[in-house]
Amino acid sequence: MSEFTVGDEDFLLDGRPVRLLSGALHYFRVHEAQWGPRLGMLKAMGLNCVETYVPWNLHEPSPGRFADVGRLGRFLDAVREAGLWAIVRPGPYICAEWENGGLPHWLTGSGVALRSRDERFLAPVGRWFRRLLPEVVARQVDRGGPVLMVQVENEYGSYGSDAVYLRWLADLLRAEGVCVPLFTSDGPEDHMLTGGGVPGVLATVNFGSRAREAFAELRGHRPRGPLMCMEFWCGWFDHWGAEHVVRDPGEAASALREILECGASVNLYMAHGGTSFGGWAGANRGGGELHEGPLEPDVTSYDYDAPVDELGRPTEKFWRFREVLAAYADGPPPEVPPAPPELGASAVAALEGWASLDTVLDAVGGPEGEYAMPPTFEELDVDRGLVKYEVSVPGPRQPRPLTLRGLRDLAVVNVDGVRAGVLSEGDEQLREPVAGPARVEVWVESLGRVNYGPRTGEPKGVTGGLLHERQYLHGVRARGLRLDALDDVGSVPFTPVPASGAPGLYRGTVTVRGAGDAFLELPGWTRGFAWVNGFCLGRYWSVGPQRALYVPGPVLREGANEVWVLECEGAGAQAPDLPEAAGAVAAVPSPVLRAPAEAESRSGAAESRAGAGTG
């Protein structure tokens, strides 16, 4: 048993000064069977601690219904077994480029004042923490566990100024048994440190460079206490349709050295980024400091240009960091663990069945209802997935513009069964006017809820009504298709694959020899989600920069493996350099399971470091 405390200048472990050399690794972005090897990589880099967030929405999908909360406890047990300490950041808000910043859709769609003293927010937070915190409390360092510190909220000064809420949250953590030091983390700016701080609670700062300036700002607010950069942004994340982001390893290593030269502790964000499996990637808003601009959805990969890449391999940044950290660690780091097993040979999937979106909706969708105005995703209890809206345009009427007012995020529109256009936020009106009588079908897809800024928690779907010119169309029928309903497609009736490559759910088989880490490529497909053996890999999208989906080795098995692809727009022609599986339909491209080296070589040297152009 040990005691970890916050001194006037240092962290103290059993009364002796200790420097925390930590790295972020999110247990929910790494397959559980791979926790051990990934933690071993952190230790081999020279770290003595690991930090993780906890996504509330993953563990409480509906009010009072909890899902595998013990996963956090199992991860902390793996941390202890790896010989590392742990920092836990339970939220309730986490940002993390995660759907809704970790806040449940059923809460953010209810009209409550988020991250505030509003009792309608505090009550569910209290219920969640009372369920979650026993996993942390039992594994605190004074009980023989690895947990050294627990965070109060997350970068709250970037969002609000409700000191009553922050104090309530800190008191709740203490009341539920958290006795290790609490801390806050904010950007190194006056208003952030003021709004996010809690008297008597350690304040830390987040930044990517200019450590001396950041710590000077922190000292202006907190003259005493150990210095710590709780998020050293050693890389960055990618958005769909934007350029892949990297940070020079040498420059990042210099910034890390500056932090340590200040006598500070550090947490590398990210040490190993992993993957936002299951369609849980969030989104940001552009538009500069106000974060009120266009939606910028995050890619599935969370490689983050981290020192340990998406497949758990060391990068040049790993070796540069290892050299820097060695001068500040208690001893030499252990040897680097063996490379994770990789797929022995690439293989092409044979597509064997297809079901239209309507067929899938009938098999596993939510209940259908009729509404005066289009309901939001939240009102239909859809966190990730699609919503189908149907409405009639009365007739006879002259052709008039059809507008999906307040559309979030993408919509495929059919008029009388014929594709009429693909609309998006900022492009909400069909190019061709619609005359009545007509039947309009709208399939809306959420590209991920905003995870940072004042628009966190905004609703998804057609949020402002369906307009025929200036007239609202009422009597809207709506039905939701949750993404997790497709984790088991046994009840979906499949038919032969259409040569047209129409939107829908495709089912196929790929035979594997030498199971291990792989990438799934979908050349010629447009946008949707993919599963292997019932495990949702996440979203693919032809706009890039991500060109392939990471498949963890433990998901694959020797021999036959099932592949499901939910295509939202349509699959194009067979790529000319792509081999077809026996029995494949010529007009529909075959998904390909690639060995990592081959997937990277096809992506180009500039992108290979992040795993086929992911980030």
Side-chain angles (χ1 to χ4, degrees), residues 55-67 91-129 154 159-160 162 165 278-285 291-292 295 297-298 365-389 404-411 425 428 442-466 476-485:
W56 181 7
N57 51 8
L58 179 68
H59 293 298
E60 193 176 0
S62 59
R65 182 171 71 86
F66 299 102
Y93 162 82
I94 63 170
C95 186
E97 289 70 59
W98 187 259
E99 166 84 9
N100 228 15
L103 299 174
H105 73 285
W106 48 262
L107 179 60
T108 59
S110 64
V112 307
L114 304 176
R115 305 174 71 188
S116 78
R117 70 186 78 183
D118 186 336
E119 181 58 35
R120 297 172 298 170
F121 182 71
L122 300 183
V125 170
R127 179 183 65 214
W128 161 234
F129 270 30
N154 181 55
Y159 178 84
D162 193 338
Y165 162 59
W280 283 106
N284 292 281
R285 286 281 177 186
H291 296 277
E292 290 276 10
L295 188 76
D298 302 321
E368 185 177 39
E370 185 170 314
Y371 304 82
M373 298 288 281
T376 64
F377 275 51
E378 290 75 16
E379 290 169 322
L380 294 172
D381 192 29
V382 176
D383 52 0
R384 298 150 295 132
L386 307 172
V387 167
K388 179 187 178 184
Y389 300 99
L404 311 184
R405 190 175 181 215
L407 172 62
R408 303 196 187 108
D409 296 310
L410 270 179
E425 182 181 281
E428 302 174 342
V442 181
W443 286 89
V444 178
E445 178 187 354
S446 167
L447 299 178
R449 287 180 175 81
V450 171
N451 53 253
Y452 180 82
R455 293 181 65 169
T456 302
E458 65 183 7
K460 293 295 185 181
V462 180
T463 65
L466 290 160
V476 181
R477 300 195 67 81
R479 193 174 185 187
L481 177 62
R482 290 175 58 104
L483 200 61
D484 54 11

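Because the structure is a prediction, the values reported are computed rather than measured.
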Visitor: So if I apply the side-chain hydrogen bond (donor to acceptor under 3.5 Å, both in side chains) rule between Arg449 and each of Glu99, Glu458, His105, which one comes out positive?
Guide: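 Testing each of Glu99, Glu458, His105 against Arg449, the sole residue satisfying side-chain hydrogen bond (donor to acceptor under 3.5 Å, both in side chains) is Glu99.
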
Visitor: Side chains of Trp98 and Asn57 only: does a donor on one sit below 3.5 Å from an acceptor on the other?
Guide: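 Per modelled atom types, Trp98 and Asn57 side chains form a pair under 3.5 Å.
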
Visitor: Just jot down the side chain to side chain contact (heavy atoms under 4.5 Å, CB included) partners of Glu379, sequence neighbours excluded, or say none.
Guide: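 Side chain to side chain contact (heavy atoms under 4.5 Å, CB included) check on Glu379 returns Pro375, Thr376.
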
Visitor: Check Ala283 against Gly448 and note the closest heavy-atom contact, atom names and distance.
Guide: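 Closest pair (atom of Ala283, atom of Gly448, distance): CB-O, 3.3 Å.
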
Visitor: Under the criterion side-chain contact (heavy atoms from CB on, under 4.5 Å), I'd like the reasoning laid out for Lys388 against Leu481: C-alpha separation, chi angles, the key distance, then a yes or no.
Guide: CA-CA 8 Å; Lys388 179 187 178 184; Leu481 177 62; over 6 Å; no

Visitor: Could you list the residues that satisfy side chain to side chain contact (heavy atoms under 4.5 Å, CB included) with Glu292, not counting sequence neighbours?
Guide: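 Only Leu290, Pro454, Arg455 meet the side chain to side chain contact (heavy atoms under 4.5 Å, CB included) criterion with Glu292.
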
Visitor: Can you name the nearest heavy-atom pair linking Pro124 to Leu107, along with the distance?
Guide: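 Answer, listing the atom of Pro124 first, then Leu107: CG-CD1, 3.8 Å.
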
Visitor: Nearest 0.5 Å, please: how far is CG in Asp162 from CZ in Arg115?
Guide: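 Answer for the CZ-CG pair, Arg115 versus Asp162, is 11.0 Å.
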
Visitor: Can you sort out the partners of Ala281 under side chain to side chain contact (heavy atoms under 4.5 Å, CB included), two or more places apart, ordered by chain and number?
Guide: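 Partners of Ala281 under the side chain to side chain contact (heavy atoms under 4.5 Å, CB included) test: Ser276, Asp298.
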
Visitor: For the residue pair His291 and Tyr452, categorise the inter-ring angle as parallel (less than 30°), tilted (30 to 60°) or perpendicular (more than 60°).
Guide: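 Rings of His291 and Tyr452: perpendicular, over 60°.
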
Visitor: For Trp56 and Gly102, which heavy atoms make the closest approach, and how far apart are they?
Guide: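 That would be CB-O, 3.2 Å.
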
Visitor: Output, in order, the C-alpha distance, side-chain angles, deciding distance and verdict of side-chain contact (heavy atoms from CB on, under 4.5 Å) for Leu404 and Leu466.
Guide: CA-CA 5 Å; Leu404 311 184; Leu466 290 160; 2.9 Å; yes

Visitor: Rounded to the nearest 0.5 Å, how far apart are NE2 of His59 and CH2 of Trp128?
Guide: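 With rounding to 0.5 Å, NE2 (His59) is 5.0 Å from CH2 (Trp128).
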
Visitor: Drop me the distance from Leu103's CG to Glu60's CD, to the nearest 0.5 angstrom.
Guide: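 The CD atom of Glu60 is 11.5 Å from CG of Leu103, to the nearest 0.5 Å.
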
Visitor: Under the ring-ring contact (aromatic ring centres under 6.0 Å, His included) rule, collect the residues that match up with Tyr165, sequence neighbours excluded.
Guide: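 So Tyr165 forms a ring-ring contact (aromatic ring centres under 6.0 Å, His included) with Phe121, Tyr156.
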
Visitor: Say whether, by atom type as modelled, one donor and one acceptor occur between the side chain of Arg482 and the main chain of Asp381 under 3.5 angstrom.
Guide: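 Yes, because the side chain of Arg482 sits within donor-acceptor range (under 3.5 Å) of the backbone of Asp381.
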
Visitor: Main chain of Pro459, side chain of Arg408: is a donor-acceptor contact present, judged purely on distance under 3.5 Å?
Guide: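 A pair under 3.5 Å: yes.
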
Visitor: I'd like to check the side chain to side chain contact (heavy atoms under 4.5 Å, CB included) partners of Ser62; sequence neighbours left out, ordered by chain and number.
Guide: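 If we apply the side chain to side chain contact (heavy atoms under 4.5 Å, CB included) test to Ser62, skipping adjacent residues, the hits are Arg65.
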
Visitor: Which pair of heavy atoms, one from Gly111 and one from Arg120, lies closest together, and at what distance?
Guide: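 Heavy-atom minimum between the residues: O-NH2, 3.6 Å.
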
Visitor: Taking Val444 as the fixed residue, which of Leu407, Leu386, Asp409, Val382 is the one that meets the side chain to side chain contact (heavy atoms under 4.5 Å, CB included) rule?
Guide: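 Result: among Leu407, Leu386, Asp409, Val382, Leu407 is the only option passing the side chain to side chain contact (heavy atoms under 4.5 Å, CB included) with Val444.
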
Visitor: Please name the pair of heavy atoms, one in Val462 and one in Arg405, separated by the smallest distance, quoted to 0.1 Å.
Guide: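 Minimum heavy-atom separation between Val462 and Arg405: CG1-O, 3.7 Å.
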
Visitor: State the OH-OG1 distance between Tyr93 and Thr456, to the nearest 0.5 angstrom.
Guide: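 Between Tyr93 OH and Thr456 OG1, I get 5.0 Å after rounding to 0.5 Å.
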
Visitor: To the closest 0.5 Å, what do you measure between OG1 (Thr108) and CG (Asp383)?
Guide: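 Atom-to-atom, Thr108:OG1 and Asp383:CG are 10.5 Å apart.
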
Visitor: Which residues pass the side-chain hydrogen bond (donor to acceptor under 3.5 Å, both in side chains) test with Asn154, not counting sequence neighbours?
Guide: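 Scan of Asn154 (side-chain hydrogen bond (donor to acceptor under 3.5 Å, both in side chains), adjacent residues dropped) gives Tyr53, Arg89, Gln151.
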
Visitor: Do Glu370 and Val476 make a side-chain contact, defined as non-hydrogen atoms from C-beta onward lying under 4.5 Å apart?
Guide: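 Glu370 does not reach Val476 side chain to side chain.
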
Visitor: Return the CG to SG distance between Asn100 and Cys95, rounded to the nearest 0.5 Å.
Guide: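 If I round to the nearest 0.5 Å, the distance is 11.5 Å.
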
Visitor: Minimum heavy-atom separation for Arg127 to Trp106, with atom names?
Guide: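 Taking every non-hydrogen atom into account, NH2-CH2, 3.3 Å.
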
